[in-house]
S.K.: 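Before we start, here is the structure in question, set down as structure tokens.
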Amino acid sequence: MKHILSIVWLCALTLLGSVKAQADSKPVFRQFTYTDYAIAWKVSDNGQWAVLSGTTAEQKAQGRAKLVSTAAPMVPIYLQTEADENKNGKCDVADVTDDGNIVAGQYAGRPAYYNKQTNQWTQLPVPTGWTGSGELVSVTPDGHYAIGNVRKPDDDYARQGVMWDLTTNSIVTLEGLPKVIKQDADDKDQLRFNDMSADGRYIIMEGAFSYNIQIYVYDRQKKSSFRLGYTLGNDGQYSPVNSSMQELSDPVISANGKYVAAMPWLGDTAEEEHVGTLLYNMETGQYQIFDEQEDRDIVPFVIDNDGNVLGATPGTTSPVRDWSVRVGKFWYPFSLITKQAYGMDFYAKTDYDNTGSPFAISADGKSVAVMVDPNGGGSYIVEMPDNFTTVCQRINLLGNYTVTPTEGAQFAKIATVELLFDRDIKVKGAKNSVALKDAGGQTLRQSIGCAVSSKNSRTLTVSFRPTTLEAGKAYTVEIPAGCVALA
């Protein structure tokens, strides 16, 4: 005769609180799917506006750049003037101010901004010796300053970063810009601006694009810069802050200018090479390199004002990704956040197959622009009730597991129970801390073993002295709070 054992996981694990769905406060999704493949690139710092365009040069050339209000996302403003109404690809977009009036980008291949009130593009002047070809990449939320890059007519590789004062449409003189280390002939005149803090004080930039890209953080107030991820020795040579770091690329900065993140290529050999995340605190000067197994192959795309990094995987093999946010020591998958904190199934809600790549975040950390798939899969803006620092405190990262024997399995004796999690674990409780209980809650046995399996760092093995179970009765294995935690 078979006997029934019901196995239930009943605990709040160390470092993880209880999970409660919020019935009255849910994430709001604004989904975009356009025939010209336009996706949401950036949200304004206040989260009220977004700009959209294609992801490839061909898509941009054949499509139409758009501005949308997140309150009315299905009513896009096409950023062509009346004269250009039927000319696709005339302009492109990169950023937008908090009032939605100024859109930074390019017009007819030149750095320019769009004024919504006048429905006009204004092309900006460029430094002497450089062509008008280029683009704006960022604008301050108040519309005062913009940064971008210009090119040379006889050098496809040359770039020069420029800041403009949009109140006068004039170039801002930037003293103390970094001196790029030229590694070969192609590195001549290569210093491009990537982004800046909301007040325009800090600018992140890249120099020397041939290989081993140099990333610099420029302080406009102090008129000085430093190379991110490297220290300068007394011999005048740079050394990486992590000995296994081969290269650093794709820098991002928080709106408040307090944090900078980038993607390091790590590994002592070509076979070991992988990507991770570098995080730098501008106030303390402290570096963190995220290079554990859970960190690898996650590309950092965005960083919020609390220093939480939004990244997506797979890092370098596909543009179709799933994103997570790193808060404290752990990565929290976005689909898990919506499920546990708000009782919302992301996939059922959106009808997407993947959560995407996060491209931008508002200053309050609640609105995120995400690309799902560059080839027609669309994009979305999600407006969260809470920022990630707050909501991730309610997420149980050990909430997903499978049990062997399975819950409700029928058998006559019990000696071992195994739980397989989707993350590495560690045991903090004693070997006798797990209880076998009957249906009335009476403890029948205490475990004689409770440990991480020697064969799999994600498996918990609990052992009891062989116990014969009474026919037709239900039993519970109870693991107390604090016994198991994330490794």
Side-chain angles (χ1 to χ4, degrees), residues 41-42 51 53 56-57 60-61 65 79 81 84 89-96 102-115 120-140 143-197 200-220 223-225 227-228 249-251 253:
W41 284 105
K42 198 71 175 285
V51 288
S53 67
T56 67
K60 293 177 186 294
L79 305 185
T81 63
D84 299 322
K90 190 74 172 180
C91 61
D92 197 13
V93 292
D95 200 2
V96 59
I102 300 297
V103 175
Q106 65 162 303
Y107 181 77
R110 299 171 63 93
Y113 66 89
Y114 175 83
N115 187 304
Q120 293 294 325
W121 281 90
T122 298
Q123 294 181 331
L124 294 166
V126 301
T128 302
W130 295 79
T131 69
S133 176
E135 67 284 318
L136 299 185
V137 297
S138 182
V139 63
T140 54
H144 192 159
Y145 296 104
I147 60 170
N149 301 289
V150 295
R151 298 171 175 81
K152 279 192 171 181
D154 57 348
D155 188 348
D156 290 339
Y157 297 100
R159 296 289 187 279
Q160 176 61 54
V162 183
M163 172 176 269
W164 289 268
D165 185 331
L166 300 190
T167 65
T168 59
N169 295 333
S170 60
I171 294 174
V172 177
T173 300
L174 300 175
E175 299 179 10
L177 286 174
K179 295 181 179 180
V180 176
I181 302 170
K182 295 179 176 60
Q183 299 165 119
D184 60 31
D186 289 336
D187 289 340
K188 182 182 179 182
D189 296 325
Q190 291 186 349
L191 184 66
R192 64 185 171 211
F193 290 177
N194 295 71
D195 203 355
M196 64 177 168
S197 56
R201 175 177 174 177
Y202 298 108
I203 303 174
I204 53 174
M205 57 193 72
E206 294 176 318
F209 317 143
S210 55
Y211 66 96
N212 196 15
I213 295 173
Q214 301 157 39
I215 298 175
Y216 297 94
V217 181
Y218 174 74
D219 185 338
R220 195 159 63 94
K223 301 179 182 179
S224 63
S225 63
R227 187 177 176 185
L228 186 71
S249 63
D250 302 296
I253 189 169

S.K.: Report the C-alpha separation of Asn169 and Tyr113 in whole Å, then their side-chain angles, then the decisive distance to 0.1 Å, and conclude whether the side-chain contact (heavy atoms from CB on, under 4.5 Å) test is met.
M.R.: CA-CA 10 Å; Asn169 295 333; Tyr113 66 89; 2.8 Å; yes
S.K.: Only one of Arg192, Gln190, Gln214 passes side chain to side chain donor-acceptor pair (under 3.5 Å) with Glu206; say which it is.
M.R.: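 With Glu206 as partner, Arg192, Gln190, Gln214 yield a single side chain to side chain donor-acceptor pair (under 3.5 Å), made by Arg192.
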S.K.: Begin with the C-alpha distance, continue with both residues' side-chain angles, and end with the deciding distance and a verdict on side-chain contact (heavy atoms from CB on, under 4.5 Å) for Ile147 and Val137.
M.R.: CA-CA 6 Å; Ile147 60 170; Val137 297; 3.8 Å; yes
S.K.: Can you give me the closest heavy-atom contact between Val51 and Ala94, atom names plus distance?
M.R.: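 Val51 and Ala94 have their closest heavy atoms at CG2-C, 4.0 Å.
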S.K.: Tell me whether Trp41 contacts the main-chain N or O of Val93 through its side chain, where contact means a donor paired with an acceptor under 3.5 Å.
M.R.: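 Absent.
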S.K.: Can you tell me how far the CG atom of Asp95 sits from the CG atom of Leu136, to the nearest 0.5 Å?
M.R.: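 Result: 9.5 Å between the selected atoms.
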S.K.: Answer with yes or no whether the side chains of Asp195 and Ser138 bring together a donor and an acceptor at under 3.5 Å.
M.R.: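 Yes, because at least one side-chain N or O of Ser138 sits under 3.5 Å from a partner of the opposite role on Asp195.
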S.K.: First locate atom OH of Tyr157, then atom NZ of Lys152, and finally report the distance between them rounded to the nearest 0.5 Å.
M.R.: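 It is 15.5 Å, given to the nearest 0.5 Å.
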S.K.: If you apply the rule side-chain contact (heavy atoms from CB on, under 4.5 Å), what do you find for Ile171 with Val162, and how did you get there?
M.R.: CA-CA 7 Å; Ile171 294 174; Val162 183; 3.9 Å; yes
S.K.: Asp165: what forms a side chain to side chain contact (heavy atoms under 4.5 Å, CB included) with it, not counting sequence neighbours?
M.R.: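 Per chain and number, Asp165 pairs via side chain to side chain contact (heavy atoms under 4.5 Å, CB included) with His144, Tyr145, Thr167, Thr168, Ser170, Val172.
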S.K.: So among Ile215, Leu177, Asn149, which one has a side chain to side chain contact (heavy atoms under 4.5 Å, CB included) with Met205?
M.R.: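 Going through Ile215, Leu177, Asn149 one by one, the side chain to side chain contact (heavy atoms under 4.5 Å, CB included) with Met205 is satisfied by Leu177 alone.
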S.K.: Step by step, would you call Leu174 with Ile203 a side-chain contact (heavy atoms from CB on, under 4.5 Å)?
M.R.: CA-CA 11 Å; Leu174 300 175; Ile203 303 174; 4.2 Å; yes
S.K.: Got a list of side-chain donor-acceptor pairs under 3.5 Å for residues 123-134, not counting sequence neighbours?
M.R.:
residue: Gln123; atom: OE1; partner: Arg110; partner atom: NE; Å: 3.3
residue: Gln123; atom: NE2; partner: Tyr107; partner atom: O; Å: 3.0
residue: Thr131; atom: OG1; partner: Ser133; partner atom: N; Å: 3.2
residue: Thr131; atom: OG1; partner: Arg151; partner atom: O; Å: 2.9

S.K.: Are any side-chain N or O atoms of Asp189 and backbone N or O atoms of Ala158, one a donor and one an acceptor, separated by less than 3.5 Å?
M.R.: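 No, because the side chain of Asp189 does not come within donor-acceptor range (under 3.5 Å) of the backbone of Ala158.
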S.K.: Side chains of Leu191 and Tyr218, heavy atoms from C-beta outward: is any pair under 4.5 Å?
M.R.: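 Sidechains of Tyr218 and Leu191: no contact.
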S.K.: Could you check if a side-chain atom of Tyr114 sits within less than 4.5 angstrom of a side-chain atom of Cys91, using non-hydrogen atoms only?
M.R.: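 They are not in contact (no side-chain heavy atoms under 4.5 Å apart), so the answer is no.
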S.K.: Quick check against the 3.5 Å criterion: does Thr140 have a side-chain atom that pairs as donor or acceptor with the backbone of Gly200?
M.R.: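 Judged by distance alone, no pair lies under 3.5 Å.
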S.K.: Would you say the side chain of Asp219 lies within less than 4.5 Å of the side chain of Arg201, judging by non-hydrogen atoms?
M.R.: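 Arg201 reaches Asp219 side chain to side chain.
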S.K.: Measure the CG-CG distance between Asn194 and Asp250 for me, rounded to the nearest 0.5 Å.
M.R.: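 So the gap between those two atoms works out to 8.0 Å.
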S.K.: With heavy-atom distances below 4.5 Å as the criterion, would you say the side chains of Met163 and Arg220 are in contact?
M.R.: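 The answer is yes, as the side chains (C-beta and beyond) meet within the 4.5 Å cut-off.
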S.K.: If you measure from OG on Ser225 to CD1 on Ile204, what distance do you get to the nearest 0.5 Å?
M.R.: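 Here the interatomic distance stands at 13.5 Å.
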S.K.: For Leu166 and Gly143, work out which heavy atoms get closest and say how close.
M.R.: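 The pair with the smallest heavy-atom distance is CB-O, 3.4 Å.
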S.K.: In Å and rounded to the nearest 0.5 Å, what is the OG to NZ distance from Ser53 to Lys42?
M.R.: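 Here the interatomic distance stands at 12.5 Å.
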